[in-house]
Amino acid sequence: MMKQLLAHSYKCIAIVAILCVSIQHASAQMENDGIMIPKNYICAGPMFGTSSWTSYWEGTYKRTNGNIGKVTTNMYSFMATYGITNDLIVTAGVPYITSTASAGTLHEQKGIQDLSLNLKWRAYRLKTNMGTLSLFASLTGSIPLTDYEADFLPLALGSHSKNFTARGVVDYNYGKVFFTGSGAYMTRSNITIDRNSYYTTELIYSNQVKLPNMSDYNFRAGYRSKYLIVEGIADIMTSLGGFDIRKNDMPFPSNRMNMTSVGGNIRYRLKSFYGLEFSAGDEYVVKGRNVGQSNMIHGGLTYIFGLTKQKTVQDKDSFKN
Amino acid sequence: MTMKKLIQNITAVLSITVIASSLSSCKKDIVSRVDQYPTLAPASLDLTADTWKPVLITDPTVFTVAAPVATTSPAYVADLNEIKGYQRSLTDDQRAIIKYWSAGAVLRWNEIMRDLVAKHNIPPYQNPDGTYPPPSSTNPFAYPQFPFSNPPYAARAYAYVSAAEYDALIAAYHFKNQYNRAAPYKIDTTIKALIPKSDLPSYPSEDAVVSGAAVEMMKLLFPTEIAYIEQKAEEQKLYRIMSGANTRSEWNAGESLGIQVADVFTARARGDKAGKAIGTSAYWAQLQTQTAAKGETPWISLESPKRPPMLPLFGKVSPFLFDTLTVVALRPGPPHLTGSAEFAVDQKEVLYYSQHATRENEALVAFWADGVATYTPAGHWNAIAADEFVKQHYSEVRWARNFALLNMAEMDAAIVCWDTKYAYFNPRPSQVNSVVKTLTGVPNFPSYTSGHSNFSSAAATVLTYLLPDRGTKFTDMAQQASLSRLVGGIHTRQDIEVGQATGKSVGQYAVQRGQADGAGIGN
């Protein structure tokens, strides 16, 4: 029971983690773990993430840039998840983002970014004495909530596209050891920018920009117990199209943005106050293309509670994963 | 879980996948508005264009255009057979080429130029020691490729190509009227006209003369792009032949004439001092010391590492519309002294906009930024002009003449503006006060006066003359362009207001030229 609870709070953080990563790259929020909460429970809380980079890839050429120095993006968000059934949960999140460069003259960007809504469904679960295997299907939609300027990279708050992501997740655990793998496909709508011509590999006379769709593969494994989760993460995000930033050119929303990142999360649940969770994590981009080599630290606080009085966190039996 | 439930679940997952993929197909391919331009159907032939005043050439008869062969000759019959051969089995690709080029030769070559300007408008990356490698016209493929088509370079490039096309067409009209050869579809009625029929004599080809002039100029201006340019010209030639508009010999005669006229312009370009506009490190240092000696704050590069100022001697380039003494005469008086109260007031206003950035201002700045990897402000005004000109049903020669007027004004505005910038070497608001953050990149040259304001007011003055029925449309746009630089934190109000006045003065020279060149404003 506790394990599930802990693991769920971790899930909230995972969403935020992806959000943070996505700030520079694609406005994606994906469900990529193997955790659920039970019917009529809510898990909610604030999250914070800070991401920064000084090196970035211009195409495949890695460099720094004295005209921007260090780019720092901070994210403050609020997330809430609700258990519709024991096998279907819905999660919503809204981040507020600030983005600044330490050098040069570019103006800071800040504001509310995109509303994301995720439906995650446990489609299959098999428990044997060899462990538990679960399959999940997840759908995420996101939509910009404000008219932020997407064509202001590298400080833009996001891509300002409407995104739709379908993900399949496989989760396996044996005792306190777990492994989760998932793959996702994200479609991104065209966006409208403020100018009526722009150069990609040719001059296009339109204010519409076609963004490449993206794929994402996420792997995580570690220790999952009642009060503690420790896990390692690897993530591979790939643009299915787009073009490279040329030498000393400016970035553009339809660049081919790829990144491979590794990291870890730690989750801790208070024994003295049921339902309260702390989390912290770090992810670092080890390989990229047309993105910054960001290091992202995130933390959060969530609280889980049942809407039905009889079912408290302590006595709800179905928390077992 | 039962087998039945599992199957239900799998079915649900599949349904979701189908929904997802159908959502992704909602994504639409981008339509470039220039691909939707209509086929050019000139309202007037402008047959008297051979009497219009050219820019550089003085006498069309000095150029060699052999008399066309008789329409009964085997060579001409072979030319017709070539057209017929193409028309028997046109592929979709060939029809697409016809559709593209039939919007107009001057228009399409202008677009090709804008594309190349945007492609090459990227400042060089620094050397490991913090210096910057200059592009070299003698070694154009070495990094950084030649040219770096920054705003002054681009303005000059548009001007030379436009003016060369215009003079070449005037010469072509001389020979058209002299030889008075009808179009192939009029000689042989079995030849289809896949373009609007015209009574304009078709020898030499007006498309070819534009092509020959443009290609020859662009070989000089964009030497790394010759293969691409030649391929475009080859497509255009095919278009004229496949569409029945011209025979191959009409094309060849026109192309040759275009090259001959362009040679007059390339000779001028090689001697117009643009090649020396980059200056020397001694000159860059001198600009700083002479400004400091006057007690003024000299401009310094805000880039890291510090980049030499952009083309400090571009003000010495030979203008088209007036002489070099006029450049100096057009130079406005000095900006507010950097220690003055007026200067402080102007700086404070920029700071206010920087600290109160609105989404509307961001959009305004982005629309007019015309910075790195764009066709530059001059190119933007070419795009604005083209969107209007396509509605006017101009003849090719009028297209060329109007672009020549516009772009000579843009080049000369660049010359006068750059002369002013380096005469005063005035700092940018963000240099004066590092708290001033900008809504687009800060250009790497002095502040006073605003280049955008010079370019935009000059262009608006010319376009308002050419299209008086548009009222204040162009001057309103120019005002927006100028304002974008103030609210974007790039320029002070004085920079833009004085720049607007100078740009308008330069534009008036083009208007006066237009009023006297015999073309009138046409239809």
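Side-chain atoms are counted along with the backbone in the values below, which use heavy atoms only and exclude waters and symmetry mates.
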Undergrad: With only heavy atoms counted, which part of V435(B) is less than 4.5 Å from chain A, the side chain, the backbone, both or neither?
TA: neither

Undergrad: Of all of M250(A), Q208(A), H107(A), which one pairs up most often with chain B through heavy atoms under 4.5 Å apart?
TA: H107(A)

Undergrad: Would you check if the side chain of R246(A) reaches a backbone N or O of K119(B) as a donor-acceptor pair within less than 3.5 Å?
TA: yes

Undergrad: Starting at CZ of R63(A), measure out to OH of Y125(B) and round the result to the nearest 0.5 Å.
TA: 4.5 Å

Undergrad: How long is the straight-line distance from CG of N65(A) back to CD of Q126(B), given to the nearest 0.5 Å?
TA: 7.5 Å

Undergrad: Count the heavy atoms belonging to other residues, nucleotides or ligands that lie under 6.0 Å from OH of Y61(A), then report whether that count exceeds 12.
TA: yes

Undergrad: Supply the atom-to-atom distance H120(B) NE2 to Y199(A) OH, rounded to the nearest 0.5 angstrom.
TA: 7.0 Å

Undergrad: Name the member of V34(B), V31(B), V372(B) that forms the most heavy-atom pairs with chain A at distances under 4.5 Å.
TA: V34(B)

Undergrad: Where do Y37(B) and Y205(A) land on the side chain to side chain contact (heavy atoms under 4.5 Å, CB included) test, with the steps shown first?
TA: CA-CA 12 Å; Y37(B) 284 157; Y205(A) 290 86; over 6 Å; no

Undergrad: Between D115(B) and E202(A), is there a donor-acceptor pair closer than 3.5 Å when you use the side chain of the first and the backbone of the second?
TA: no

Undergrad: Give the minimum heavy-atom separation between A366(B) and E149(A), together with the two atoms involved.
TA: CB-OE2, 3.5 Å

Undergrad: Is it the side chain or the backbone of T438(B) that comes within 4.5 Å of chain A heavy atoms, both, or neither?
TA: both

Undergrad: Tell me whether the count of non-hydrogen atoms from other residues, nucleotides or ligands lying under 6.0 Å of NZ in K70(A) goes above 12.
TA: no

Undergrad: Under a 4.5 Å heavy-atom cutoff, which of D151(A), N196(A), T201(A) has the most pairs with chain B?
TA: N196(A)

Undergrad: Among G489(B), P305(B), S354(B), who wins on heavy-atom pairs under 4.5 Å with chain A?
TA: S354(B)

Undergrad: Report yes or no: does K247(A) contribute a side-chain atom to a donor-acceptor pair with the main-chain N or O of P124(B) at less than 3.5 Å?
TA: no

Undergrad: Just how far is it from atom CE of M113(B) to atom CG of L203(A), taken to the nearest 0.5 Å?
TA: 12.5 Å

Undergrad: At what distance, to the nearest 0.5 angstrom, does CG of L106(A) lie from OG1 of T440(B)?
TA: 7.5 Å

Undergrad: Under 4.0 Å between a side-chain nitrogen and a carboxylate oxygen: does that hold for R359(B) and D194(A)?
TA: yes

Undergrad: Taking side chain as everything from C-beta outward and backbone as N, CA, C, O, which of these in R428(B) sits under 4.5 Å from a heavy atom of chain A? Side chain, backbone, both or neither.
TA: neither

Undergrad: With chain B, which of T146(A), I204(A), D147(A), N207(A) has the greatest number of heavy-atom pairs at distances under 4.5 Å?
TA: D147(A)

Undergrad: Measure the shortest side-chain to side-chain distance between T374(B) and R195(A) over non-hydrogen atoms and say whether it is less than 4.5 angstrom.
TA: yes

Undergrad: Give, as side chain, backbone, both or neither, the part of A369(B) having an atom under 4.5 angstrom from any heavy atom of chain A.
TA: neither

Undergrad: Roughly how far, to the nearest 0.5 Å, is the CG atom of L439(B) from the CD atom of Q109(A)?
TA: 8.0 Å

Undergrad: Could you go through the side chain to side chain contact (heavy atoms under 4.5 Å, CB included) check for V436(B) and T105(A) one step at a time?
TA: CA-CA 7 Å; V436(B) 173; T105(A) 68; over 6 Å; no

Undergrad: Within a radius of less than 6.0 Å around OH of Y217(A), do more than 12 heavy atoms belonging to other residues, nucleotides or ligands occur?
TA: no

Undergrad: With only heavy atoms counted, which part of Y198(A) is less than 4.5 Å from chain B, the side chain, the backbone, both or neither?
TA: side chain

Undergrad: Give me the atom names and distance for the closest heavy-atom approach of G66(A) to S304(B).
TA: O-CB, 3.5 Å

